[in-house]
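Report on one structure; see the data block that follows.
Side chains included, hydrogens not; waters and symmetry mates left out as well; all remaining heavy atoms used. Quantities reported herein were computed from a predicted structural model and do not represent experimental measurements.
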Amino acid sequence: MFNSTDFPSLSRYHNGQKALFFDGPAGTQVPEVVVRAITDYYYNSNANTHGWFKTSTETDELIHSVRTKTATLLGAEGPECISFGQNMTTLTYSLSRAIGKVFQPGDEILVTQLDHEANRGPWLELRKAGLVVREIKLQPGGQLDYEDMRVKINEKTRLVAMGWASNFTGTVNDIHLARKLSRDVGAWLLIDAVHYAPHFVIDVQKCDCDFLLCSAYKFYGPHVGLLYARKGLLDRLPTQRLRTTDQHAPFKIETGTLNHAALAGVSAAIDYIASHGSGDVLRQQLESAFDLITKHERKLARQLYDGICSYKDLKLIGPSFDVGMRAPTLSFTHREKSAAQVCKYLARHHIYAWDGHFYALRAAEVLGLVPRGGVTRMGISAYITEEDVRNVMTALKNL
């Protein structure tokens, strides 16, 4: 769907062979307009904030503009709900430390066995403060056990922290059920949307979450973590901050000077996605673009899925494409070879894929995949073509 000529890295060749970037789940490639936006900031507006001179005021304007644009991307109430950080993990740790101060010993937090450690570790750490952290079980097919969720959400539950889509199995979780169940007991809902955001449109007000986090480097931007906090909620939390920091949302969780040049890249990445959609305003353009992205990626992911399933030595890990929603991320094992051996083979054919657990370590443990080195993972990004998929299938056939 995206034009490969927009991405400088996609023109890379090795020994006359085109490099095939199926490594998108760990971070997508970046279009030239994003690189140019970052460079232009350093060329023209490189200054710290809150000064009276031109480059400083331009930086202030940039930050406010990116907050507003990110709020539009996520469907948030406004820029006051958007905070920036080094990455999603850092922001989640900052949130967990603050939330741990307002919860009481014996209060319960619910996480899942499917999640990335960035949405497990910060909450598990709160056990040291007397909080009870419980897990929603993972089923063998790569989906959560929702009956287990119903049982474990109770009047002591104060927070449900779960991913929207799994970077390990491609599973899209039922966050709407989680919202209903958590609302019934007065608990907050925090969503890790890092793996969801590149593939599907997000509307935080529609899904009614209290917090949502994602990372721009997963949707064609630079390494910046993004946090949505329901309007007024962040001001209720005692975040760790300097007394010189603005004590109100969205600034109170941002520590130190932000990466201004990277924020310029975030702005350009959002604009780039929107440029593939239609409509009179940015939100309409983004919704239209993501509709096209979702359809394009699902079509190619289904082709890759069917191809992998046709090879008797390969076994898919995760749900099929017969489910209503599924991320275009495919993980599989080989009957004899380790995940690392498969990826080394693919690398020799200039196909970029990942092996391991990808920080979804608990899921790999529950599914019994750690001893064999985890899985081989490939992801469909919006710049992947049908020819790319065919070339991968040829390589896998010869494996």
First locate atom [atom1] of [X], then atom [atom2] of [Y], and finally report the distance between them rounded to the nearest 0.5 Å.
X: Lys69; Y: Arg283; atom1: NZ; atom2: CZ; value: 15.0 Å
X: Leu213; Y: Leu74; atom1: CG; atom2: CG; value: 10.0 Å
X: Leu20; Y: Ile351; atom1: CG; atom2: CD1; value: 5.5 Å
X: Asp40; Y: Asn46; atom1: CG; atom2: CG; value: 12.5 Å

So, do Pro222 and Val30 sit near enough that their side-chain heavy atoms are less than 4.5 Å apart? no
Check whether [X] reaches the backbone of [Y] with its side chain - one donor and one acceptor, N or O, closer than 3.5 Å.
X: Thr329; Y: Asn167; value: no
X: Ser11; Y: Pro8; value: yes
X: Tyr146; Y: Asp174; value: yes
X: Lys218; Y: Pro25; value: yes
X: Thr112; Y: Leu114; value: yes
X: Gln284; Y: Asp280; value: yes

Donor on one side chain, acceptor on other, [X] and [Y], under 3.5 Å:
X: Thr385; Y: Asp388; value: yes
X: Asp6; Y: Tyr272; value: yes
X: Ser65; Y: Thr68; value: no
X: Tyr383; Y: Thr28; value: no
X: Gln29; Y: Ser9; value: yes

Could you walk me through whether Asp145 and Arg150 pass salt bridge (Lys or Arg N to Asp or Glu O under 4.0 Å), step by step? CA-CA 9 Å; Asp145 184 337; Arg150 292 178 188 275; over 6 Å; no
Do [X] and [Y] share a hydrophobic cluster, counting only Ile, Leu, Val, Met, Phe, Trp and Tyr and linking them when any side-chain heavy atoms are less than 4.5 Å apart?
X: Val33; Y: Tyr217; answer: no
X: Phe332; Y: Val392; answer: yes
X: Tyr228; Y: Val194; answer: no

Ion pair [X]/[Y], N-O distance below 4.0 Å:
X: Lys231; Y: Glu80; value: yes
X: Asp355; Y: Lys344; value: no
X: Glu135; Y: Lys152; value: no
X: Asp246; Y: Arg241; value: no

Only distances under 3.5 Å count here; give the side-chain donor-acceptor pairs of residues 248-255 to other protein atoms, sequence neighbours excluded, each with its distance to 0.1 Å.
| residue | atom | partner | partner atom | Å |
| --- | --- | --- | --- | --- |
| Lys252 | NZ | Leu234 | O | 3.4 |
| Lys252 | NZ | Asp235 | O | 3.4 |
| Lys252 | NZ | Leu237 | O | 2.8 |
| Glu254 | OE1 | Arg67 | NH2 | 3.0 |
| Glu254 | OE2 | Arg67 | NH1 | 2.8 |
| Glu254 | OE2 | Arg67 | NH2 | 3.3 |
| Glu254 | OE2 | Phe84 | N | 2.8 |

Any idea how [X] and [Y] line up, ring-wise: parallel (<30°), tilted (30 to 60°), or perpendicular (>60°)?
X: His350; Y: His14; result: parallel
X: Phe211; Y: Trp188; result: perpendicular
X: Phe2; Y: His276; result: tilted

Can you spot which of Trp354, Phe7, Tyr352 makes a ring pair (Phe, Tyr, Trp, His ring centres under 6.0 Å) with Phe21? Tyr352
Give the table of side-chain donor-acceptor pairs shorter than 3.5 Å for residues 125-132, with sequence neighbours excluded, one pair per line with atom names and distance.
| residue | atom | partner | partner atom | Å |
| --- | --- | --- | --- | --- |
| Glu125 | OE2 | Lys128 | NZ | 2.8 |
| Arg127 | NH2 | Val133 | O | 2.7 |

Is Arg377 close enough and on-axis enough to Phe358, meaning under 6.0 Å and within 45°, for cation-pi? yes
Where do Asn391 and Thr394 land on the side-chain hydrogen bond (donor to acceptor under 3.5 Å, both in side chains) test, with the steps shown first? CA-CA 5 Å; Asn391 288 334; Thr394 298; 5.3 Å; no
